[in-house]
Amino acid sequence: MTPAPHRSHTDDLLAFIAASPSPYHVVASAAQRLEKAGFRELLGTDDWTGATGGCFVARAGALIAWYVPEGAPAHTPFRIVGTHTDSPNLRIKPAPDTGSSGWRQIGVEIYGGVPLNTWLDRDLGISGRLALRCGPGGAPRTRLVQIDEPLLRVPQLAIHLDRTVNDGVALDRQRHIAPIWALGDPREGELLRRVAAAAGEDPADVLGWDLMLHDIQPPGYLGAEREFVVASRLDNQVSVHAGVTALVDAATGVTDPSFVPVLAAFDHEEVGSGSETGAQSPLLERVLSRSVAARGGSDEDWSRALAGAFCVSADMAHAVHPNYAERHDPDHRPLPNGGPTIKVNVNQRYATDSTGIAVFTAACERAGAPWQPFVSNNAMPCGTSIGPLTAARLGVTTVDVGVPGLSMHSARELCGVDDPAYLAAILGAVMAGR
């Protein structure tokens, strides 16, 4: 059976996922935990002079958090854990109220690499944020919304109407993915009224939105020994949750100010990271440079802090699939509960090199946690994450790692019950250097 400490961590992970159906909710959940641990939020427009201890910056679906130990000089090197907050899903269009043949439907756009068939016949809720009419002084306002009710469904075509369905489902991204939610003719503004009411806002004050659908089935455990976790958005909330846990632990009882631990949780990784809150943006670089300047640091101190920095890019990885074992490299077949994987790709789809492996495996040893190597089958295209982007942008040694799982990018994914706790312990060892 699973050791109690691991089960406790995983229980907490499941609560985190249930509360975080959108990237904006991920940031809110992380911020709440950091504030409880004594971290304080800094706004970009604030004066950061003298800011030490635990701090974080939240911007839409991204969060940068760090802890400056007492007495740490301005040139103290960073220990960075990079993750992402977004997951592939269905996002609501600007003019959503549509329909056909007597059904009222909602228009959606496909976000990221979605296996569309996994979204069929699921009970779907709505989450995200509303952009509201500006208040006094012209400051923009946003409101999170989370409707965990079975509002929508993308219905599968009955086998009687498609006898070849088991030979492969061909789904048209425009015609076949619009979910149903009522009967009758489309009613303009109906969705907005429903969502605004759930958020406690006047629909007339809602000027825009970033809304998406989520599977309302709660996360849970699976298997003969309950050795697996099944949930939506394991990619990549497993890593965000582990990073928050590790940062809080690293900030607790720090006696050696050798490193400044950092958590960077970016948005839009699933669509290439090219946004103001993505890993290709200067967000992390600007926040870290300001944190150095806030402690009286010079350009030289900033360069020294980067020169000694190290980054772990934590994103979900592929476990070997028992029904498709030929799709994996025959000598690299990670399994759940065997520890996180270290991802290697010589074409720099992952940023890992031998020095990164050495730092990470040493942290595994200190944490008493196992790890597994991962390399893609040469005949299969290799995925990527924020590792290469962060390494190239900051010029820091970076290693790509991840908890192995099945059904990546599906509406509901699977990983081992022990691996999230292993990852958090290892990241804590990296951040604190202990």
Side-chain angles (χ1 to χ4, degrees), residues 17-18 21 87-93 95-127 147-187 190-191 194 211-224 226 228-235 270 316 318-328 336 377 379-381 383 405-415:
I17 292 173
S87 302
N89 60 11
L90 306 181
R91 304 214 168 182
I92 296 175
K93 290 181 176 180
D97 300 295
T98 186
S100 176
S101 303
W103 293 89
R104 301 210 299 275
Q105 296 174 273
I106 298 301
V108 295
E109 194 172 4
I110 297 163
Y111 178 85
V114 178
L116 295 176
N117 63 299
T118 68
W119 284 79
L120 301 178
D121 296 339
R122 290 188 178 272
D123 300 332
L124 304 174
I126 297 175
S127 58
I147 304 176
D148 288 325
E149 300 174 17
L151 282 181
L152 305 106
R153 182 182 179 91
V154 183
Q156 167 84 289
L157 183 64
I159 193 170
H160 311 80
L161 303 178
D162 182 7
R163 295 293 183 178
T164 65
V165 65
N166 290 324
D167 297 329
V169 179
L171 295 172
D172 184 281
R173 296 164 70 90
Q174 178 66 27
R175 295 185 295 116
H176 297 155
I177 305 302
I180 60 171
W181 78 321
L183 293 171
D185 296 327
R187 301 172 183 174
E190 183 178 29
L191 178 74
R194 183 63 175 266
L211 296 174
M212 56 206 72
L213 308 187
H214 65 273
D215 183 0
I216 66 168
Q217 184 177 0
Y221 295 97
L222 178 129
R226 295 295 187 263
F228 306 118
V229 173
V230 284
S232 301
R233 304 179 299 279
L234 290 177
D235 180 17
E270 298 293 0
M316 286 291 288
H318 298 292
V320 60
H321 196 303
N323 298 338
Y324 301 91
E326 72 282 358
R327 302 293 182 99
H328 301 263
N377 186 314
M380 304 294 295
L406 297 178
S407 306
M408 188 184 293
H409 287 196
S410 291
R412 196 163 175 87
E413 301 165 317
L414 176 149
C415 74

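All values below were derived from every heavy atom in this structure, side-chain atoms included, with hydrogens, water molecules and symmetry-related copies excluded. Bear in mind the structure is a predicted one, so any value in this text is a computation, not a measurement.
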Chemist: Mind checking what makes side chain to side chain donor-acceptor pair (under 3.5 Å) contact with Asp235, not counting sequence neighbours?
Modeler: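 Once residues adjacent in sequence are excluded, the partners of Asp235 under the side chain to side chain donor-acceptor pair (under 3.5 Å) criterion are His84, His409.
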
Chemist: Checking Asp215 now: which residues fulfil side chain to side chain donor-acceptor pair (under 3.5 Å) with it, not counting sequence neighbours?
Modeler: Arg122

Chemist: Would you check if Leu120 and Leu171 make a side-chain contact, meaning some heavy-atom pair closer than 4.5 Å?
Modeler: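 The answer is yes; the side chains approach within 4.5 Å.
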
Chemist: Where do Trp119 and Leu213 come nearest, in terms of heavy atoms and distance?
Modeler: CH2-O, 3.6 Å

Chemist: Could you work out, with salt bridge (charged side-chain N to carboxylate O under 4.0 Å, His left out) as the rule, every residue matching Arg153, not counting sequence neighbours?
Modeler: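 Listed in chain order: Asp121, Asp123.
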
Chemist: If you round to the nearest 0.5 Å, how far is CG of Leu414 from CG of Leu222?
Modeler: 6.5 Å

Chemist: On a heavy-atom basis, which atom in Leu406 and which in Pro322 lie closest, and how many Å separate them?
Modeler: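 Nearest heavy atoms, Leu406 then Pro322: CD1-CD, 4.5 Å.
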
Chemist: Taking distance alone, no hydrogens or angles, what donor-acceptor pairs closer than 3.5 Å link side-chain atoms of residues 180-187 to residues at least two apart or in another chain?
Modeler:
none

Chemist: Does Gln105 have any side chain to side chain donor-acceptor pair (under 3.5 Å) partners at least two apart in sequence or in another chain, and if so, which?
Modeler: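 Scan of Gln105 (side chain to side chain donor-acceptor pair (under 3.5 Å), adjacent residues dropped) gives none.
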
Chemist: Name each donor-acceptor pair under 3.5 Å that joins a side chain in residues 155-169 to protein atoms two or more places apart or in another chain, with its distance.
Modeler:
| unit_1 | atom_1 | unit_2 | atom_2 | d |
| --- | --- | --- | --- | --- |
| Asp162 | OD1 | Thr164 | N | 3.2 |
| Asp162 | OD1 | Thr164 | OG1 | 2.8 |

Chemist: Taking only residues two or more places apart in sequence, or in another chain, which ones meet Arg412 in a salt bridge (charged side-chain N to carboxylate O under 4.0 Å, His left out)?
Modeler: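 For Arg412 there are no salt bridge (charged side-chain N to carboxylate O under 4.0 Å, His left out) partners, ignoring immediate neighbours.
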
Chemist: Can you sort out the partners of Tyr221 under side-chain contact (heavy atoms from CB on, under 4.5 Å), two or more places apart, ordered by chain and number?
Modeler: Arg7, Thr10, Asp11, Leu14, Arg226, Val229, Val417

Chemist: What's the separation between atom CE in Met212 and atom CG in Asn89, rounded to the nearest 0.5 Å?
Modeler: 5.5 Å

Chemist: May I have the step-by-step check of side-chain contact (heavy atoms from CB on, under 4.5 Å) for Val154 and Leu124, ending in yes or no?
Modeler: CA-CA 9 Å; Val154 183; Leu124 304 174; 4.3 Å; yes

Chemist: What's the separation between atom NE2 in His214 and atom CG in Leu211, rounded to the nearest 0.5 Å?
Modeler: 11.5 Å

Chemist: Could you report the tightest heavy-atom contact between Pro115 and Thr118, atom names first, then the distance?
Modeler: O-OG1, 2.7 Å

Chemist: List the atom of Met316, the atom of Leu234, and the distance in Å for their closest heavy-atom pair.
Modeler: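 Closest pair (atom of Met316, atom of Leu234, distance): CG-O, 3.5 Å.
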
Chemist: If I compare all heavy atoms of Ala231 with all of Ile17, which pair ends up nearest, and what's the gap?
Modeler: CB-CD1, 4.2 Å

Chemist: Go through the structure and list residues passing side chain to side chain donor-acceptor pair (under 3.5 Å) with Ser232, not counting sequence neighbours.
Modeler: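 Here no residue qualifies.
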
Chemist: Looking at every heavy atom in both Phe228 and Gly223, which two are closest together, and how far apart are they?
Modeler: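 That would be CD1-CA, 4.1 Å.
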
Chemist: Going by salt bridge (Lys or Arg N to Asp or Glu O under 4.0 Å), name the pairs with one or both residues in residues 98-117, residues two or more places apart or in two chains.
Modeler: Arg104-Glu190

Chemist: Spell out, as yes or no, whether a donor-acceptor pair under 3.5 Å connects the side chain of Asn377 to the backbone of Glu326.
Modeler: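 Yes, Asn377 side chain to Glu326 backbone: donor-acceptor pair under 3.5 Å.
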
Chemist: I'd like to check the side-chain contact (heavy atoms from CB on, under 4.5 Å) partners of Pro96; sequence neighbours left out, ordered by chain and number.
Modeler: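 Result, side-chain contact (heavy atoms from CB on, under 4.5 Å) vs Pro96: Ile92, Ile106, Leu191, Trp209.
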
Chemist: If the test is side-chain contact (heavy atoms from CB on, under 4.5 Å), which one of Ile216, Leu151, Asp148 qualifies with Ile126?
Modeler: Leu151

Chemist: Is a side-chain donor or acceptor of Glu270 paired with a backbone partner of Gly112 at a separation under 3.5 angstrom?
Modeler: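 Checking the backbone N and O of Gly112 against the side chain of Glu270, no donor-acceptor pair under 3.5 Å is found.
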
Chemist: So, the side chain of Arg327 versus the backbone of Met380: is there a donor-acceptor pair under 3.5 Å, distance only?
Modeler: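 Side chain of Arg327 to backbone of Met380: no pair is present.
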
Chemist: How would you list, by chain and number, every residue that makes a ring pair (Phe, Tyr, Trp, His ring centres under 6.0 Å) with His176, sequence neighbours excluded?
Modeler: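 Result, ring pair (Phe, Tyr, Trp, His ring centres under 6.0 Å) vs His176: none returned.
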
